[in-house]
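These notes concern the structure reproduced below.
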Amino acid sequence: MSKFIVHPIDKLEGEIVVGGAKNGVLPLMASVLLTAEPCVIHDVPDLKDVNVMIEILKVIGAKIEWEGSSLHIEVPKILKNEAPYEYVSKMRASFDVMGPLLARTGVARVPMPGGCSIGERPIDLHIKGFKALGATIEFGHGFVEARAEKLVGASVYLDFPSFGATKNIMMAATMAEGVTMIENAAKEPEIVDLANFLNQIGAKISGAGTDTIKITGVKSFGGAIHRAIPDRIEAGTYLIMAAMNKSNVLVKNVVTSHLKAVISKLIECGVQVIPEGDNVRVISDGKLKAVDITTLPHPGFPTDLQAQFMSLLTVAEGSSVIMETVFENRFMHVSEFNRMGANIKIEGHSALIQGGAKLQGTEVKATDLRAGAALVLAALVADGETSVHDIYHIDRGYNNLESKLQTLGVKIERIQD
Ligand code: EPU
């Protein structure tokens, strides 16, 4: 187990570069299972979760090589229709292999992913989609198995615009006979990126990014070379960090249209957020006004930036309310912030934050990936040194966070416990 020792900083200055989107790259990698032809994905972040997906794909039959930050993936033959438990238990996104495996071979067997620290996280909507396409589903011995002689296009209405279900059903439907319509689909930019990649290898998908996605099945796929979109959550984390401090920071490799809800809240807080081509400059005097936040599926405020924005609101002037509507248990970080001197109360799905706290450095622990990043942000404005423990969570989604922050003058060290 490692920890970060983080020191407070007077001013953040310089440039910080955002990598490829973790939550975009994982389904892109899984979708390569659809084709026997070689594919290349550029701008892949070297993250724990990406490496877990590499191991799963290798077990299934993929040949994978890194070349710089590009991944060369080729799956000439499916050797095993199953994702091993040891990897799926580490990463829920492993479930992404279900759709493409089912489409390519008619059989997919994946361990039930189970809940995690942020919520129960059922897979009923994925299953509803596979069934609608004609698959039979069996649960047993901790596994879910989908089988289909052939998949046939269908209409699938998602009760909630689930990111995971949308990508899995979209991948499964690419080879189904006829037309599939996914209604109330997730609209995240990573869904659009996945659809673009699938179309590059030969799929026929339209409407990705709207709430109705149309997929016309095809018989086979080719290869493609594709660049992953920038990680909007990594970018948002840096924008929020810059806002919380006195700063003049250029965050590079950002698609501002992916971050409208966040940028508009930062501006409401009194921060200057200035788009400069593919980059965004943040100028802040660190004096912030409190604002209320409600997390929602895209294009609403992302749940993956809720903890980081809470960090900001603990020190903003005034009181605020954060309502978490996407996950039922994503407030584990509240007690860690309160240990640092924040004043936050949880009432049902809302966190009531009395701002203006003078945060104090202490020992805290990352309870999940985004909560971990949020604690690092809090540490930068706290009085004294903070140790953030369990940073293996942070490593799942932020590539070399400490080196990147050091480019802005932050004093942060990784200590092996
Ligand atoms: N849900 C269901 N049934 C389903 C699927 C989802 O009830 O079949 C519920 C979930 O329980 C949850 C809500 O719908 O309450 C949202 O789930 P969704 O499927 O949209 O999310 P996900 O695919 O499980 C991805 C990201 C999360 C991110 C969410 C929401 C990956 C690997 N994970 O999860 O990212 O919070 O979308 O945007 O892509 C993170 O990166 O820190 C992270 C947790």
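Atoms within each ligand, like the ligands themselves, are counted from 1 in listed order. Atom set for the values below is all heavy atoms of this structure, side chains included, hydrogens, waters and symmetry mates excluded.
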Heteroatom proximity flag, Gly164 to ligand 1, N/O under 3.5 Å: yes
Test of proximity, Val326 against ligand 1: N or O pairs below 3.5 Å: yes
Can [X] and [Y] be counted as an ion pair, charged N to O under 4.0 angstrom?
X: Arg227; Y: Asp193; answer: no
X: Lys22; Y: Glu234; answer: no
X: Lys167; Y: Glu188; answer: no

What protein heavy atom is closest to [atom], reported as residue, atom name and distance in Å?
atom: atom 43 (C) of ligand 1; answer: Asp304 OD1, 3.3 Å
atom: atom 3 (N) of ligand 1; answer: Asp124 OD1, 2.7 Å
atom: atom 42 (O) of ligand 1; answer: Arg370 NE, 2.9 Å
atom: atom 20 (O) of ligand 1; answer: Phe163 N, 2.8 Å
atom: atom 44 (C) of ligand 1; answer: Arg330 NH2, 3.5 Å
atom: atom 38 (O) of ligand 1; answer: Glu188 OE2, 4.0 Å

Side chain proximity check, Leu34 to Met175, heavy atoms < 4.5 angstrom: yes
Heavy-atom check, side chain of Arg121 versus side chain of Phe327, under 4.5 Å: yes
Exam field: side chain Thr35 to backbone Phe221, donor-acceptor pair closer than 3.5 Å: yes
Who gets closest to [atom] by heavy atom: [options]?
atom: atom 34 (O) of ligand 1; options: His393, Glu324, Arg121, Arg92; value: Arg121
atom: atom 4 (C) of ligand 1; options: Pro122, Ser94, Ser162; value: Pro122
atom: atom 31 (C) of ligand 1; options: Thr303, Asp49, Asn23; value: Asn23

Any side-chain donor near an acceptor of the partner, Glu324 and Thr303, under 3.5 Å: yes
Distance-only donor-acceptor check, side chains Asp292 and Ser320, under 3.5 Å: no
Please state which part of [X] comes within less than 4.0 Å of ligand 1, counting heavy atoms only: side chain, backbone, both or neither.
X: His298; result: neither
X: Ile123; result: backbone
X: Ile233; result: neither
X: Glu190; result: neither

Within the 6.0 Å centroid threshold, strictly below: Phe309 and Phe301: yes
Under 4.0 Å to a heavy atom of [X] - the qualifying atoms of ligand 1, by number:
X: Leu125; value: 3 (N), 4 (C), 8 (O)
X: Lys167; value: 39 (O)
X: His126; value: 8 (O)
X: Lys22; value: 41 (O)
X: Phe160; value: 13 (C), 14 (O), 16 (C)
X: Ala93; value: 32 (C)

Within-cutoff protein neighbour (heavy atom, under 4.0 Å) for atom 9 (C) of ligand 1: no
Chi angles and distances behind the salt bridge (Lys or Arg N to Asp or Glu O under 4.0 Å) call for Lys150, Glu177: CA-CA 8 Å; Lys150 83 173 177 186; Glu177 193 181 282; 3.0 Å; yes
Show every donor-acceptor pair shorter than 3.5 Å between a side-chain atom in residues 40-47 and any protein atom, with sequence neighbours excluded, or say none if there are none.
from  : atom 1 : to    : atom 2 : distance (Å)
His42 : ND1    : Ser70 : OG     : 2.7
Asp46 : OD1    : Asn51 : ND2    : 2.9

Pairs satisfying salt bridge (charged side-chain N to carboxylate O under 4.0 Å, His left out), at least one member in residues 60-85, at least two apart: Glu82-Arg109
Check against side-chain hydrogen bond (donor to acceptor under 3.5 Å, both in side chains), His393 and Asp368: CA-CA 5 Å; His393 286 296; Asp368 74 65; over 6 Å; no
